[in-house]
Structures are given as structure tokens and as C-alpha cells.
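For ligands, and for the atoms within them, numbers begin at 1 and follow the listed sequence.
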Amino acid sequence: MAASDASQTGPSLLLSSEQEMIRQTAHDFAQNEIAPIAAQFDETGEFPSETIRKMGELGLMGIEVPEEYGGAGMDTLAYVLALEEISKADAAHGAIMSVNNSLFCYGINRFGTEAQKQKYMRAVASGKSIGAYSLTEPMSGSDAGTMRSRAVRDGDFYVLNGRKSWVTSGPVADYIVVFIMTDPRKRHQGISAFIIETRQPGFAVGKKEPKLGIRASATSEIVFEGHRCPAANRLGQEGEGFKIAMTVLDAGRIGIASQALGIAEAAYEAAVLYAKEREAFGQKIGQFQGISFKLVDMKTRIEASRLLIYQAALAKERAKNTGQRFTLEAAMAKLFSAETAMFCAHAAVQIHGGMGYSKELPIERYFRDAKITEIYEGTSEIQRMVIARLETGLR
Ligand SMILES: Cc1cc2nc3c(=O)[nH]c(=O)nc-3n(C[C@H](O)[C@H](O)[C@H](O)COP(=O)(O)OP(=O)(O)OC[C@H]3O[C@@H](n4cnc5c(N)ncnc54)[C@H](O)[C@@H]3O)c2cc1C
């Protein structure tokens with residue numbers, strides 16, 4: 001059994017030369033510049049500003065954003081290939097990249113005005129600014145309709161008050177797409193979306209979250225106290241926020257699936273190498289069926305994840321012409337890839353024995369990082385709920 005080289009994995013015959021090129025660019029950057037610093041940034045929890053800036057220069061922060069708005073103008077397959085490579089070196093860099101690309105830029109490209117695209121999407125897609133997405137609140141996670149933050153119209157402005165939680169890149173973001181209640185009586189239909197500028201008064205970064213994994217991706221609460229957001233910064237119509245949030249999450253989930261795939265592959269490749277080197281009872285541990293069958297299950301799930309991700313990426317591409325949703329494909333890709341990442345990281349720790357538990361190797365980091373993919377952008381339970389509803393038509 002040979003752990004595959006990045007450039008050989010998957011049905012690469014399907015890929016165009018442009019897609020191969022971005023994958024190779026992301027692979028080289030990830031292995032040369034991110035992998036060597038990943039452990040240190042995981043340890044300190046410091047935000048990796050320098051490598052993120054360079055990723056912007058390489059066009060990795062707005063891969064699907066049209067070139068006229070500062071992006072790379074590529075397709076979804078190019079995006080997932082690049083995100084997988086970055087996450088394979090470090091899932092925290094993958095999280096930051098995924099938020100900029102799918103949670104911030106995708107929503108503005110899809111629902112924003114020309115002025116919003118020029119001012120906000122251009123800055124984030126080119127990597128000059130950092131974007132974030134804020135739906136969750138302390139008392140409202142999976143059930144967004146219960147959010148308590150409020151935006152009240154005041155002439156040409158909305159006045160925002162409330163506390164949002166778990167904002168990836170919250171402490172460093174220049175701009176955040178925030179979902180906030182404009183009409184609480186309507187629950188989900190009363191949510192609206194706004195693009196807010198974090199340097200304006202009435203905005204503050206709240207408690208920073210100390211985390212199990214993806215520690216170099218800064219996560220915090222954000223607090224609004226009389227923040228005046230221009231009505232021109234509303235994304236979509238009043239009351240359209242929930243629809244926008246869910247549409248954006250469909251795109252985001254394909255990204256998280258790719259992040260999970262990268263973590264799973266890193267864990268698998270390390271496990272294969274170790275199984276071929278480590279000896280016990282006079283033979284390589286990979287010769288024990290108990291170990292080799294684990295490797296087989298890891299590899300098979302990885303390749304199945306890849307195909308689900310490609311299917312979802314192609315569904316999202318088709319949607320650009322047909323306008324059809326790709327909710328089912330995105331949810332299945334995210335659900336299966338996240339559970340594969342967890343499965344592979346768990347197996348990799350076991351195959352490494354004591355060394356899997358040691359900070360000297362990255363295996364324990366893969367294990368800690370994998371868990372988040374089953375939680376954010378909709379937990380695995382929520383993905384199952386989405387898939388069940390779509391398949392049965394029952395609610
Ligand atoms: C590191 C990190 C980064 C994050 N980044 C962001 C971000 O950038 N922006 C943002 O808006 N949010 C972000 N989140 C929030 C994340 O999306 C939520 O944590 C997640 O959606 C779950 O919400 P919750 O934590 O409130 O859990 P809850 O909704 O309270 O769920 C608790 C448990 O109940 C289960 N559950 C809930 N409803 C059901 C149901 N109907 N059926 C079965 N089980 C159910 C859940 O699956 C879970 O197991 C982040 C979270 C973390 C940990």
C-alpha cells in the first residue's frame with residue numbers, strides 16, 4: 001500500500017490544466033510555507049497573518065470571484081482542490097481560506113449590489129482584507145430563528161445591538177456579513193443580512209474562544225452597541241437574511257468537506273508511512289491485518305469523500321446556469337467527509353500508538369482539528385436532518 005502523492009490522488013483526468021495548476025500552486029505553498037509553521041501557530045494560537053497575506057497574493061482568497069472584482073475567476077472544482085491542499089498542511093489556514101472564499105465572497109457575489117462587490121468583495125478576494133460571517137449567537141446555533149440581536153431602521157441607517165458568538169476570523173476581520181433580527185415576530189423570516197465595517201463605532205471584539213483545534217484561526221464573540229450600519233450595506237432585502245445564510249452555507253459546506261478531506265489525507269499518509277517503518281513482534285506493524293485493514297478503510301472513505309465533494313462542486317457549477325439548489329449534494333459531501341476526517345484521525349493516532357499522542361508529531365493535531373468539521377456550518381445531526389427532509393419530503 002502506497003500513500004499517494006498529492007498530484008496523483010483522485011480522478012485527475014477529469015481536471016483541466018487550470019485546475020491542475022491551482023492545485024499544484026496550493027500544494028507547493030502549503031508544503032513549503034505552511035507545513036513548517038503549522039505546529040508553532042497551533043501551539044500559540046496566533047493568527048498567521050503573513051502566510052494568509054501570501055495566499056491572497058497567490059489568488060487563493062477569492063478563487064471563484066470574477067477577475068474584475070479582484071478574484072482568480074476560477075470554478076468550484078478549482079476551489080475545492082486548493083482548499084484540500086491547504087488544509088492537508090494546516091486545517092486552521094483552511095478555515096480562514098474557506099470563510100473568505102465561501103462564507104464572505106460567495107454571498108456578496110450572489111446577493112450583493114455592484115457597490116458592495118466593488119468595495120467589500122474586491123478587498124477580501126484579493127487578500128488585502130479579511131472577511132467573516134456571523135450567524136451564531138450564544139443562545140442560538142442550529143436554530144437560527146431564536147437569535148436575539150436586533151437591527152432597527154433609523155433613516156438611512158440601521159442601529160445594531162447584540163452579541164454574536166463563534167465568529168471565525170472575528171478578531172481580525174475588516175468586514176463581516178452579519179445576520180441579525182429586523183422583525184422578531186417573523187422568526188426566520190425576520191432575519192436580515194448586513195455587511196459591517198469593524199472599524200466603525202459601536203462594534204467591538206468580545207471574548208476570544210480558546211479552542212481544541214484549528215487554534216491558529218482566530219475565533220471570538222463580536223458585540224454591537226448602537227452600531228450604525230448604512231442601509232446601503234444591507235445584503236439582499238429586509239427579511240431575506242435566513243435564505244441568504246442558508247444559501248451561503250450550501251457553498252460553505254462544500255469547502256468544509258474539502259477541509260475535512262485534507263485532514264483525512266494527512267492522517268492517512270502519515271499512518272501508511274508509520275505502518276511501513278514501525279516494527280513489533282519482529283515485523284512491520286502494517287503487516288498485521290488489524291493495522292492494514294484500518295488503512296484500507298481510511299483510503300476507501302477518503303476516495304468516497306473526494307467523489308462526493310467533486311459531485312457537489314459540479315452541482316454548484318451547474319447551479320450557476322440553472323439556478324437550482326445543491327443543498328443535498330453539499331450536505332452529503334460535508335457529512336461524509338467530516339466523519340471520514342474524524343475516522344482517519346482517530347485511526348492514525350491508534351496506528352502511531354504512543355507517538356500518536358505525542359506533540360512531537362502532527363497526528364494529535366489532525367485528531368483535534370478533525371472534530372470541528374463535524375460541528376461548524378451545521379453539525380452532522382443537522383446535515384442528516386437536511387438530507388432526510390430532502391429525501392422524504394417530511395418535516
Ligand atoms: C471553532 C468554531 C468556529 C465557528 N465559526 C463560526 C462562524 O464563523 N460563524 C458562525 O456563524 N458560526 C460559527 N460557529 C458556530 C457553529 O456553526 C455552531 O457551533 C454550530 O452550528 C452548532 O451550534 P451550537 O454550538 O449552538 O449547538 P446547538 O445548536 O446548541 O446543538 C447542540 C447539539 O444538539 C444537536 N442538535 C441541535 N438541533 C438538533 C436537531 N434538530 N436534531 C438533532 N440534533 C440537534 C446538535 O447537532 C449538537 O450536537 C463556529 C463554531 C466553532 C466551534
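A side-chain donor-acceptor contact under 3.5 Å links H93 and T51. Side chains of S258 and Y79: no donor on one and acceptor on the other come within 3.5 Å. If you check the side chains of Q118 and E114, you find a donor sitting under 3.5 Å from an acceptor.
When hydrogens are left out, the protein atom nearest atom 10 (C) of ligand 1 is T136 OG1, 3.3 Å; that is the closest non-hydrogen contact. For atom 11 (O) of ligand 1, the nearest non-hydrogen atom of the protein is L135 N, 2.8 Å. Nearest non-hydrogen protein atom to atom 9 (N) of ligand 1 is Y133 O, 2.9 Å. Atom 52 (C) of ligand 1 has W166 CE3, 3.4 Å as its closest protein atom, hydrogens excluded (heavy atom only). From the protein, the heavy atom lying nearest to atom 26 (O) of ligand 1 is G141 CA, 3.1 Å. Scanning the protein for heavy atoms near atom 43 (C) of ligand 1, the closest one is E381 CB, 3.8 Å. For atom 36 (N) of ligand 1, the closest heavy atom belonging to the protein is S142 OG, 4.5 Å. Considering only non-hydrogen protein atoms, atom 41 (N) of ligand 1 sits nearest to M385 SD, 3.4 Å.
Between the side chain of S87 and the backbone N or O of E84, no donor-acceptor pair lies under 3.5 Å. Proximity of a side-chain donor or acceptor of N32 to a complementary backbone N or O of D28 within less than 3.5 Å is detected.
Remark: ligand 1 atoms within the under-4.0 Å shell around heavy atoms of K211 are 1 (C). Of all atoms in ligand 1, listed by their number and element, those nearer than 4.0 Å to a heavy atom of E377 are 17 (O). Heavy-atom proximity to Y376, at under 4.0 Å, picks out these atoms of ligand 1: 2 (C), 3 (C), 4 (C), 17 (O), 50 (C).
At least one heavy atom of I375 sits less than 4.0 Å from an atom of ligand 1.
Taking the six-membered ring for Trp, F41 and F47 have ring centres at least 6.0 Å apart.
The N/O atoms of S165, backbone and side chain alike, include none that comes under 3.5 Å of an N/O atom in ligand 1. Checking only distances, T168 does come within under 3.5 Å of ligand 1, N or O to N or O.
Counting only heavy atoms, the protein never gets under 4.0 Å from atom 32 (C) of ligand 1. Under the 4.0 angstrom criterion, atom 29 (O) of ligand 1 counts as having a protein heavy-atom contact. Using a 4.0 Å threshold on non-hydrogen atoms, atom 46 (C) of ligand 1 counts as touching the protein. Under the 4.0 angstrom criterion, atom 1 (C) of ligand 1 counts as having a protein heavy-atom contact.
Minimum interatomic distance between G107 and V248 (heavy atoms only, all atoms of both residues): CA-CG2, 3.5 Å. For R253 against Q383, the heavy-atom pair with the smallest separation is NE-NE2, 3.3 Å.
The residue E209 has no part lying near ligand 1, judged by heavy-atom distances below 4.0 Å. Proximity of L103 to ligand 1, defined as any heavy-atom pair under 4.0 Å, is not found for any part of the residue. Contacts with ligand 1 closer than 4.0 Å are made by side-chain heavy atoms of T379 only, the backbone lying farther away.
The only option from Y120, Y133, F203 that meets the ring pair (Phe, Tyr, Trp, His ring centres under 6.0 Å) definition with Y175 turns out to be Y120.
Between F326 and Y106, the ring planes lie perpendicular to each other; the angle is over 60°, past the 30° to 60° tilted range.
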Check your understanding: For S98 and I256, what are the C-alpha separation, side-chain angles and deciding distance, and is it a side chain to side chain contact (heavy atoms under 4.5 Å, CB included)?
Key -> CA-CA 7 Å; S98 144; I256 301 309; 3.7 Å; yes
Practice item. Check step by step if side chain to side chain contact (heavy atoms under 4.5 Å, CB included) holds for I108 and I195. Key: CA-CA 9 Å; I108 297 182; I195 307 168; 3.7 Å; yes
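Taking the centre and axis of the six-membered ring of F194, the NZ or CZ atom of R234 falls outside the cone set by 45° and 6.0 Å.
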